[in-house]
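Small disclaimer: the values here were computed from a predicted structure and weren't measured.
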Amino acid sequence: MKAVILAGGFGTRISEESHLKPKPMIEIGELPILVHIMKIYAAQGITDFVICAGYKQNVIKEYFAHYFLYTNDITFNLGSNTNERIIHKKGVDNWTVTVVDTGLHTQTGGRIKRIQEYIGDERFMLTYGDAVGDVDLNKLLECHINSGKICTLSAYNFGQSKGIIDFNPDGTIAAFREKSDFDGDMINIGFMVCEPQVFDYISGDDVAFEDYPLKTLVNENQLNAYFHKGFWQCMDTLREKEKLEKLWYSEKCPWKVWKD
């Protein structure tokens with residue numbers, strides 16, 4: 001099964017770094033967040049990736065073109081006419097990575113439609129290139145298969161960080177309490193599973209996947225939810241990047257489900 005990663009947006013809310021590179025290539029620690037996401041999938045058996053690139057797509061292509069150099073110790077024999085290189089440690093990421101230029105201004109649905117030829121008639125996983133989490137992909141897939149639906153998305157209660165005020169119908173305060181697991185909004189965090197029929201719901205480049213395709217699947221009772229109760233965090237802002245970096249260097253990084 002392939003994992004499709006949406007990595008083509010402008011990342012304007014984190015322009016401090018995205019003016020130089022695509023948001024998925026912004027580093028958390030020593031690795032782009034895109035690679036963190038790929039390692040989450042690879043640790044659970046998904047090692048065939050299709051990356052929907054767009055804005056500064058050359059940065060992504062050049063990174064993976066040199067990935068072997070970035071992940072190994074190498075001696076360069078500069079005195080050799082053959083430009084000899086000695087690899088001291090072989091890389092462990094046995095991945096297949098297809099980077100597709102899906103256009104500069106293409107919407108999320110249009111990007112998915114453009115990679116249809118690389119998916120064919122197979123079921124595939126789909127996620128966004130700017131968020132990490134400890135999602136159990138095997139349970140997600142099981143939930144999807146059992147549902148019999150065309151698409152399953154991972155839903156997450158992003159929570160409420162402050163104390164809660166409950167009101168009576170007349171406007172008086174009924175309770176002032178600490179937040180609970182039932183407070184906050186359920187949001188789509190990506191980590192989706194799609195049947196190939198999903199391509200039929202996307203007409204072209206100007207279609208946002210979160211608009212007509214998902215809304216139509218809802219109306220047709222073809223959209224399923226997998227409820228993720230672990231860790232998840234997006235990287236929309238510099239503050240969120242700094243939060244992720246702090247977690248990455250902590251003793252137990254919550255999304256690091258792989259071994260070094």
Side-chain angles (χ1 to χ4, degrees), residues 1-7 24 28-29 31-52 92-97 108 112 119 122-160 179-198 209-210 214 217-218 221-236 240 243-260:
M1 185 184 298
K2 293 181 173 65
V4 176
I5 304 176
L6 293 165
I28 302 299
L31 295 172
I33 192 170
L34 175 62
V35 176
H36 285 263
I37 295 165
M38 295 168 75
K39 284 182 175 288
I40 292 168
Y41 278 89
Q44 300 179 70
I46 307 296
T47 59
D48 194 347
F49 300 98
V50 179
I51 300 174
C52 301
V92 296
D93 295 323
N94 187 21
W95 302 346
T96 299
V97 183
T108 49
I112 296 167
I119 301 299
E122 299 179 7
R123 176 185 294 139
F124 64 99
M125 292 196 171
L126 170 68
T127 198
Y128 301 105
D130 61 356
V132 290
D134 58 349
V135 177
D136 189 323
L137 300 178
N138 292 316
K139 289 184 179 179
L140 166 63
L141 180 59
E142 181 182 12
C143 175
H144 172 73
I145 293 173
N146 290 340
S147 75
K149 307 297 185 185
I150 291 176
C151 181
T152 295
L153 59 79
S154 292
Y156 184 69
N157 188 333
F158 204 43
Q160 174 63 255
K179 65 183 178 68
S180 76
D181 291 339
F182 298 100
D183 297 311
D185 295 323
M186 298 299 295
I187 61 172
N188 168 23
I189 61 170
F191 291 96
M192 304 177 232
V193 185
C194 300
E195 299 299 324
Q197 296 95 308
V198 78
F209 188 62
E210 300 77 13
L214 289 187
L217 288 169
V218 169
N221 194 30
Q222 286 294 330
L223 185 60
N224 182 48
Y226 169 76
F227 295 97
H228 174 58
K229 297 182 179 180
F231 173 84
W232 176 86
Q233 179 64 56
C234 61
M235 187 189 67
D236 276 339
E240 288 170 339
K243 176 182 178 180
L244 288 170
E245 285 217 299
K246 184 176 181 180
L247 288 170
W248 174 247
Y249 288 116
S250 65
E251 290 186 5
K252 187 171 177 59
C253 175
W255 71 87
K256 189 182 178 185
V257 297
W258 64 90
K259 295 180 179 180
D260 290 326

A.B. asks: Evaluate the ring planes of Tyr41 and Phe49, with Trp represented by its six-membered ring, and classify them as parallel (under 30°), tilted (30 to 60°) or perpendicular (over 60°).
C.D. replies: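 Perpendicular.
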A.B. asks: State, with a plain yes or no, whether a side-chain heavy atom of Thr47 is found less than 4.5 Å away from one of Asn94.
C.D. replies: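 In short, these two side chains do not touch, never coming nearer than 4.5 Å.
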A.B. asks: Sub-3.5 Å donor-acceptor pair from the side chain of Gln44 to the main-chain atoms of Ile40, do we have one?
C.D. replies: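 Side chain of Gln44 to backbone of Ile40: a pair is present.
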A.B. asks: Is there a side-chain contact between Trp248 and His36, using heavy atoms and a 4.5 Å cut-off?
C.D. replies: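 Yes. Closest side-chain heavy atoms under 4.5 Å.
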A.B. asks: So do the side chains of Leu223 and Ile150 get within less than 4.5 Å of each other, counting heavy atoms only?
C.D. replies: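 Not in contact.
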A.B. asks: So how far is it from Gln222 CD to Gln197 CD, rounded to the nearest 0.5 Å?
C.D. replies: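 Between atom CD of Gln222 and atom CD of Gln197 there are 8.5 Å.
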A.B. asks: Can you give me the closest heavy-atom contact between Ile33 and Ala131, atom names plus distance?
C.D. replies: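 Scanning both residues completely, I find the closest heavy atoms to be CD1-N, 3.9 Å.
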A.B. asks: Give every donor-acceptor pair under 3.5 Å between a side-chain atom in residues 134-146 and any protein atom, sequence neighbours left out.
C.D. replies:
{"residue": "Asp134", "atom": "OD1", "partner": "His228", "partner atom": "NE2", "Å": "3.1"}
{"residue": "Asp134", "atom": "OD1", "partner": "Phe231", "partner atom": "N", "Å": "2.6"}
{"residue": "Asp136", "atom": "OD1", "partner": "Asn138", "partner atom": "N", "Å": "3.1"}
{"residue": "Asp136", "atom": "OD1", "partner": "Lys139", "partner atom": "N", "Å": "3.1"}
{"residue": "His144", "atom": "ND1", "partner": "Thr152", "partner atom": "OG1", "Å": "2.8"}
{"residue": "His144", "atom": "NE2", "partner": "Glu195", "partner atom": "OE2", "Å": "2.7"}
{"residue": "Asn146", "atom": "ND2", "partner": "Glu142", "partner atom": "O", "Å": "3.2"}

A.B. asks: What I'd like to find out is whether the side chain of Asp130 reaches to under 4.5 Å of the side chain of Asp236, using heavy atoms alone.
C.D. replies: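 The answer is yes, as the side chains (C-beta and beyond) meet within the 4.5 Å cut-off.
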A.B. asks: Quick one: side-chain contact (heavy atoms from CB on, under 4.5 Å) partners of Thr108, sequence neighbours excluded?
C.D. replies: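 Checked Thr108 against side-chain contact (heavy atoms from CB on, under 4.5 Å); matches are Leu6, Ala208, Phe209, Glu210.
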A.B. asks: Of all residues at least two apart in sequence or in a different chain, which pass the side-chain hydrogen bond (donor to acceptor under 3.5 Å, both in side chains) check with Lys2?
C.D. replies: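 With neighbours one apart ignored, the set is empty.
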A.B. asks: So do the side chains of Leu247 and Pro254 get within less than 4.5 Å of each other, counting heavy atoms only?
C.D. replies: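 The answer is yes, as the side chains (C-beta and beyond) meet within the 4.5 Å cut-off.
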A.B. asks: Please tell me if the side chains of Glu240 and Cys234 come closer than 4.5 Å, counting only heavy atoms from C-beta onward.
C.D. replies: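 Glu240 vs Cys234: side chains touch.
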A.B. asks: Check whether Asp93 reaches the backbone of Trp95 with its side chain - one donor and one acceptor, N or O, closer than 3.5 Å.
C.D. replies: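 Not at all, since once roles are kept as given, no pair shorter than 3.5 Å links the two residues.
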A.B. asks: Of all residues at least two apart in sequence or in a different chain, which pass the side-chain contact (heavy atoms from CB on, under 4.5 Å) check with Phe227?
C.D. replies: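 Partners of Phe227 by the side-chain contact (heavy atoms from CB on, under 4.5 Å) criterion, ordered by chain and then number, come out as Ala155, Met186, Ala225.
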A.B. asks: How close do Ile5 and Gly129 get, heavy atom to heavy atom, and via which atoms?
C.D. replies: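 Where Ile5 meets Gly129 most closely, the heavy atoms are CG2-CA, 3.7 Å.
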A.B. asks: Using modelled atom types and a 3.5 Å cut-off, is there a donor and acceptor pairing between side-chain atoms of Tyr226 and backbone atoms of Val193?
C.D. replies: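 The answer is no, because no donor-acceptor pair under 3.5 Å joins these two groups.
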A.B. asks: Can you see which heavy atom on Ile51 is nearest to which on Ala7, and at what distance?
C.D. replies: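 Shortest heavy-atom contact: CG2-CB, 3.8 Å.
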A.B. asks: Does a side-chain heavy-atom distance below 4.5 Å link Leu244 with Trp255?
C.D. replies: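 Sidechains of Trp255 and Leu244: in contact.
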A.B. asks: List in chain and number order the residues that pass salt bridge (charged side-chain N to carboxylate O under 4.0 Å, His left out) with Lys256, two or more places apart in sequence or in another chain; answer none if no residue qualifies.
C.D. replies: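 Salt bridge (charged side-chain N to carboxylate O under 4.0 Å, His left out) list for Lys256, sorted by chain: Asp260.
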A.B. asks: Do Ile46 and Met1 have side chains that get closer than 4.5 Å, going by heavy atoms?
C.D. replies: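 Counting from C-beta outward, Ile46 and Met1 do come under 4.5 Å.
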A.B. asks: Can you name the side-chain hydrogen bond (donor to acceptor under 3.5 Å, both in side chains) partners of Trp232, sequence neighbours left out?
C.D. replies: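 Not a single residue meets the side-chain hydrogen bond (donor to acceptor under 3.5 Å, both in side chains) criterion with Trp232.
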A.B. asks: Considering non-hydrogen atoms only, spot the tightest contact between Val198 and Cys194 and give its length.
C.D. replies: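 Heavy atoms only, the tightest pair is CG1-CB, 3.9 Å.
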